[in-house]
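Reviewing the structure listed below.
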Amino acid sequence: MILDGLNPMQQEVVRTTDGPVLVLAGAGSGKTRALTHRIAYLIEEKGVKPWNILAITFTNKAAGEMKERVQALLPYGGDQVWVATFHATCVRILRRYADRIGYESGFTIYDTDDAKTLMRQVMKRLELDPKMYRERTLLSVISDAKNKMITPDDMAQDAAGKYREMRIAEAYAEYQAQLKKNNAMDFDDLLCNAVELFEREPDVLREYQERFRYIMVDEYQDTNGVQFRFVELLSRAHRNICVVGDDDQSIYKFRGADIRNILDFEETFPGAHVVRLEQNYRSTKTILDAANQVISNNEDRKDKSLWTENPEGDRIELLTFDTAYDEADGIVRIMEQARLRGMRLGDCAVLYRTNAQSRAIEEKCVTRGLPYRLVGGVNFYQRKEIKDILSYLRTVENGQDDVSAMRVLNVPKRGIGATTQARVAMFAQDNDISFFDALLDAEAIPGLGKAAGKLSAFTDLILSLRRQAQTLSVAELIDRVVEEAGYEREIAESSDETEAQAREENIEELKAKAEEYALQAGEEATLRGFLEDVALVADVDSLDESEDRLTLMTLHSAKGLEFDKVIMAGMEDGLFPGYMAINDVEHPEELEEERRLAYVGITRAKKELTFTCARQRMVNGETRYANESRFLDEISPTVLKRTDKTDLYRPRTEKRDLYRSEECGRSRWDDYADYGRRGSFGGGPERDRERDRDRRDSFQDGRSGPGFGRSVSSLKSSGLFDKHPKTGYGMKKPEQKPVELHCGDRVSHAKFGIGTVREIEDGPRDTEVTVEFDTAGVRKMYASFAKLKKVEE
DNA sequence: GGGCCTCAAGTTTTT
DNA sequence: CTTGAGGCCC
């Protein structure tokens, strides 16, 4: 029975199938469980057809999980339920009806980098002074406008008479015009254009209203204006809309999320049934107490209080360190301890406010050999070589995409310079054709001279790829790009071996993703589909919990996840909450958003929670001093224990009084291996002084050790750092000795299988090995990349 | 046309 | 302090 194992409130969610429903689901209250059971109930008990159900989530990961769980609940039909993110949903609709809004179905999806590039072009064209108008600002104003469904015309009207605002409206209009000309949409457009499609084409709207009779939206507190409109339009016909969210976890205001969507749901959908899920199944009482205490300081929220039947659990600890490096060291040691106690690293996470904080922690993980994985930071798909290859593929798929074509025209170097490119671009503009079409017509372009000949190398390549794309798989096509565009050669000739290897590995990873895609899409697999998948993934989506590594990520990325043990790092005023929020007296709601972020962080922890902070920290090259986060003051001492770890690392300073030290005695965390031998903590003042001297010395010794204290980049080039295939960041790895090879040797390759060495030549940078594989044909490769293993036969 | 150097700005958070 | 972009020189 579908209702089995659900608490009364969850059952109510499941059973209330018709009309608008608002589920206020506290952290860890089993909302995904309620939602998935609701879907199953609709199908099993109410006889609703699976394809009449739409469930919208925030991330692909959440969508995948929900899909899986629904399928597990149902004997069949579960795969017919439409579970996807807002963006993916809109893309699917837009592909079908692109022509109705003046697009072609093969449109490209621009990420933020592409949008920036395009905006730079727009600014040049409009002669906007980059000093006065930064592209970042322009893009964020435009994004805001789109989220509120303000068109360029609307904006121009509002701006009438105000010069600066008129110019911005102009930029908005031109930016949109260029997007359309490139047959491209940015992230916001996916939503806006879908809404526009619905509003302009009633028959299309009606079709989808008929199809989606039951609509569910997860993480509703993070929806923005367009998303609200999208859902509202779709649900108008049947009014069966169920939104699930937690106003206390609304943390995406900066991205246009409007917390009013959830706070005002009952007014927008009169007669809405409200269900509160307040029993928490995730955390200990202690952790939940802390979370409740912090969030109760927010004014603008739906009143509710989470409770749990879980055990009391350990007290939460706050550890104060002197510097961010000490903090990082402490964090890694705590995790080592946890591991020794039998905890899985995969069940532990370090959460922080800004990505920049991950550096020091990463470095420590590397030097101490603690396996970790970093989520976020530079997205895999934003790496240079990956973007380059994708730009080739996009040009193959969509010849109108000028941004992509221009990006790779001279990558790898073909001797085509900026002047030539500018001439071609000018010609394209004058004749109102795409950049690529202009390249095809190079003879007609005045002033190119001998450069014209070089252009055909590029166009021939694209045309040839376009032909091959008909028959080859995406992975094979990537191979062709890498080979035929001369990428292989460029990488081999690169002066930085470590970097070359990382690039090579990233390309392999991209191919692996393409193969993964082909597997999952089966018959449906297309280049277009792959590019789309790639455009809409977030880093969290590929988080693999089965790997036993410590997770490092931002508080934002952590939403929706849970860990046995959580360390929230950098609990300092100015960092968390950030300056912006503290200083913005006009907008007290900014601080409330930070507090919600704290709430999200705290409620990620199931069993153990530790806060850390550093008294000084390097920010933009200068040392900043900070007090501990004001959020910590909101937690009562009965659940929070303060310990000053400063003395473990540094001599005492006079500043000591500024910082609290509730307990001077030994704590669990004092048993740090390296320091343990120096006797127990908390000796008299004389001993302290003695120990300080001791420590200062050993401290410096430690810093001069191998690889210690150097920057991440220098670690990288030293080879100590090896790029993690998923994150691109470091991971410790033993040095590999190249295998001695001779012609005729039988070797094995991770990917191509077994083969025979045919040729070995010493290149300038590396040894080039030609291998005839039994199954994969003849391949040329560079010895250090290929990791060939000799096989005996 | 390419490479090197200098200068500037940036740090919230991401589909 | 780091990274990126633009300018200058070869």
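Each chain gets a letter, A, B and so on, in the order its sequence line appears, and its residues count up from 1.
Across all strands shown, A/Asn355 has heavy atoms under 4.0 Å from sugar-phosphate atoms exclusively, and none from any base. Among the atoms of the strands shown, none is found under 4.0 Å from any heavy atom of A/Tyr579. When heavy atoms are screened at a 4.0 angstrom cut-off, A/Gly578 is found touching no nucleic acid atom at all.
Whole-Å rounding puts the A/Asn147 CG to B/dT14 P distance at 16 Å. Regarding A/Lys116, its NZ atom lies at a distance of 10 Å from the C1' atom of C/dG4, rounded to whole Å. Atom pair A/Ile416:CD1 and B/dG2:C1' shows a separation of 14 Å (rounding to whole Å applied). Nucleotide B/dT15 holds its P atom 19 Å from the CG atom of A/Leu94, rounded to whole Å. At whole-Å resolution of the value, CZ in A/Arg359 and P in C/dT2 are 8 Å apart. Remark: P of C/dG4 and CZ of A/Arg383 are 12 Å apart, rounded to the nearest angstrom. Remark: C1' of B/dT12 and NE2 of A/His556 are 8 Å apart, rounded to the nearest angstrom. Note: OH (A/Tyr252) to P (B/dT14) measures 6 Å, nearest angstrom.
Cation-pi geometry between A/Lys513 and A/Phe380 is met: under 6.0 angstrom from the ring centre, within 45 degrees of the axis.
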> How does protein contact run along nucleotides 5-10 of chain C, one letter per nucleotide 5' to 3', with B for base contact, S for sugar-phosphate only, - for none, heavy atoms under 4.0 Å?
Replying inline: ------
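Rounded to whole Å, the separation between the C1' atoms of C/dG6 and B/dT11 comes to 22 Å.
Taking every side-chain heavy atom of A/Ala451 into account, B/dG1 is the closest of C/dT2, B/dG1, B/dT15. Taking the side chain of A/Met618 as heavy atoms from C-beta on, and the options C/dC1, C/dT3, B/dT14, the nearest nucleotide is C/dC1. Nearest to the side chain of A/Thr85, among B/dT12, B/dT15, C/dT2, sits B/dT15. For A/Lys413, taking side-chain heavy atoms from C-beta onward, the closest of the listed nucleotides C/dC1, C/dT3, B/dG2 is B/dG2.
With sequence neighbours left out, the ring pair (Phe, Tyr, Trp, His ring centres under 6.0 Å) criterion links A/Tyr252 to A/Phe58, A/Phe254, A/His556. A/Glu65 is linked by a salt bridge (Lys or Arg N to Asp or Glu O under 4.0 Å) to A/Lys61, counting only residues two or more places apart in sequence or in another chain. Not counting sequence neighbours, A/Gln421 has no partner by the side chain to side chain donor-acceptor pair (under 3.5 Å) test. Scanning for side chain to side chain donor-acceptor pair (under 3.5 Å) contacts around A/Asp144 gives an empty result, with sequence neighbours left out. Considering only residues two or more places apart in sequence or on other chains, A/Thr554 meets the side chain to side chain donor-acceptor pair (under 3.5 Å) condition with A/Ser557. Listed by chain and number, the residues in a side chain to side chain contact (heavy atoms under 4.5 Å, CB included) with A/Asp258 are A/Arg260, A/Asn261 (sequence neighbours excluded). Partners of A/Tyr220 under the side chain to side chain donor-acceptor pair (under 3.5 Å) rule, at least two apart in sequence or in another chain, do not exist in this structure.
Considering only side-chain N and O atoms, A/Thr112 lies nowhere under 4.0 angstrom from the phosphate OP1 or OP2 of B/dT14. Taking 4.0 angstrom as the limit, A/Asn410 places none of its side-chain polar atoms (N or O) nearer than this to OP1 or OP2 of B/dG1. Contact annotation: A/Thr419 side-chain N/O to B/dG1 OP1/OP2 distance is under 4.0 Å. The shortest distance between the side-chain N/O atoms of A/Thr554 and the OP1/OP2 oxygens of B/dT12 is not below 4.0 Å.
Side chain A/Arg353 to base B/dT13: a donor-acceptor pair is found below 3.5 Å.
Nearer the 5' end of DNA chain B, as judged by each residue's closest nucleotide, is the contact made by A/Glu594, out of A/Glu594 and A/Asn60. The residue among A/Thr420 and A/Met580 whose nearest nucleotide of DNA chain B lies closer to the 5′ end is A/Thr420.
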For nucleotides 5-10 of chain B, tabulate all protein N/O to nucleotide N/O atom pairs closer than 3.5 Å, reporting atom names and distance.
from   : atom 1 : to       : atom 2 : distance (Å)
B/dG10 : OP1    : A/Arg134 : NH1    : 2.2
B/dG10 : OP2    : A/Arg134 : NH1    : 3.4

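A/Tyr110 has its ring centre no less than 6.0 Å from the ring centre of A/Phe187.
The pair A/Asp329-A/Lys364 counts as a salt bridge, with a side-chain nitrogen and a carboxylate oxygen less than 4.0 angstrom apart. At a threshold of 4.0 Å, the pair A/Asp218-A/Lys31 counts as salt-bridged, since one of the basic side-chain nitrogens sits closer than that to a carboxylate oxygen.
Here A/Phe254 counts as stacked on B/dT13: its ring centre is under 5.5 angstrom from the base ring centre and the planes meet at under 30°.
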